[in-house]
Amino acid sequence: MSDNSGFFERVYEVCRKIPEGRVTSYGAIAKYLGAAKSARMVGWAMNSSHNLEDVPAHRVVNRNGVLTGKHHFGGSNAMQQLLEEEGVQVKELQVLNLEKHFWDPMKELSREN
DNA sequence: ACTGTGACGAGGG
DNA sequence: GCCCTCGCCACAG
């Protein structure tokens, strides 16, 4: 834990901080890590975190609010299912009321919390 | 050491 | 307003 030796570990940590019923974008996480241009790396990091149950990758969607990574969740709509179970409305792999469910790490983690 | 990749994002046509 | 292209940067082979 806290093995911030690599960029990936950073992503994992932020993902774990995502509260239930909330979603964030790869770009938001990347920006929080100081690498806004490495949004792609965030998603890729999730690929490695795929084995880690501590990382709720299903709460991470793209800027469009689309469950882009659902394809990596086992090929089923497990990702959408999980989000709906948490109270996030999802329609056709797209999160409804994204702004309402959006969770900004920079904003939320920036505060005292 | 080098190249390719990749669950994105922003910009341009 | 939608579709396409480019950029980007850390990690794996």
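Below, read A as the first sequence line, B as the second, and so on, with proteins coming before strands; counting in each chain starts at 1. Below, each value reflects all heavy atoms present in this structure, side chains not excepted, and no hydrogens, waters or symmetry copies.
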Quiz item: Between A:Lys37 and A:Phe8, which is nearer to the 5' end of DNA chain C once each is assigned its nearest nucleotide?
Solution: A:Lys37

Quiz item: Side chain of A:Ala39: nearest nucleotide among B:dC8, B:dA7, C:dA10?
Solution: B:dC8

Self-check item: A:Leu83 CG - B:dA7 P separation (whole Å)
Solution: 18 Å

Quiz item: A:Glu86 versus A:Arg22: any side-chain heavy-atom pair under 4.5 Å?
Solution: no

Quiz item: Could you give the CG-to-C1' distance, from A:Asn64 to B:dA10, as a whole number of Å?
Solution: 13 Å

Exercise. Measure from the side-chain heavy atoms of A:Trp44 and tell me the nearest of B:dG9, B:dA7, C:dC11.
Key: C:dC11

Practice problem: Could you state the atom-to-atom distance from CG of A:Asn77 to P of B:dA7 in whole Å? | Solution: 19 Å

Quiz item: Checking all strands, does A:His71 fall into the base, sugar-phosphate, or nothing category for heavy-atom contacts under 4.0 angstrom?
Solution: nothing

Quiz item: For A:Ser38 and A:Phe7, which heavy atoms make the closest approach, and how far apart are they?
Solution: CB-CZ, 4.4 Å

Exercise. Calculate the interatomic distance between A:Ile29 atom CD1 and C:dA10 atom C1'; express it in whole Å.
Key: 15 Å

Quiz item: Contact class for A:Ala57 vs. all strands (heavy atom < 4.0 Å): base, sugar-phosphate, or nothing?
Solution: base

Self-check item: Polar side-chain contact A:Arg63-B:dC8 base: donor and acceptor under 3.5 Å
Solution: no

Quiz item: Do A:Tyr32 and A:Thr24 have side-chain atoms, one donor and one acceptor, less than 3.5 Å apart?
Solution: no

Quiz item: Are A:Leu52 and A:Met46 connected in a single hydrophobic cluster, I mean Ile/Leu/Val/Met/Phe/Trp/Tyr linked by side-chain heavy atoms less than 4.5 Å apart?
Solution: yes

Exercise. Check every atom of B:dA7, C:dG7, C:dA10 against the side chain of A:Arg40 and return the nucleotide holding the closest atom.
Key: C:dG7

Exercise. Could you check how far NZ of A:Lys31 sits from C1' of B:dA10, rounded to whole Å?
Key: 11 Å

Quiz item: Can you find a side chain N or O atom of A:Ser48 that sits less than 4.0 Å from OP1 or OP2 on C:dC11?
Solution: no

Exercise. Quick one: label A:Asn62 by what it contacts on the DNA or RNA (base, sugar-phosphate, nothing), any heavy atom closer than 4.0 Å.
Key: sugar-phosphate

Quiz item: Atom CG of A:Leu67 to atom P of B:dA7: distance rounded to whole Å?
Solution: 14 Å

Quiz item: If every non-hydrogen atom of A:Tyr12 is compared with every non-hydrogen atom of A:Val55, which pair is closest and at what distance?
Solution: CB-CG2, 3.9 Å

Practice problem: Using whole Å, report how far CZ of A:Phe7 lies from C1' of C:dC9. | Solution: 8 Å

Practice problem: Using a heavy-atom cut-off of under 4.0 Å over every strand shown, decide if A:Ser25 touches base, sugar-phosphate, or nothing. | Solution: sugar-phosphate

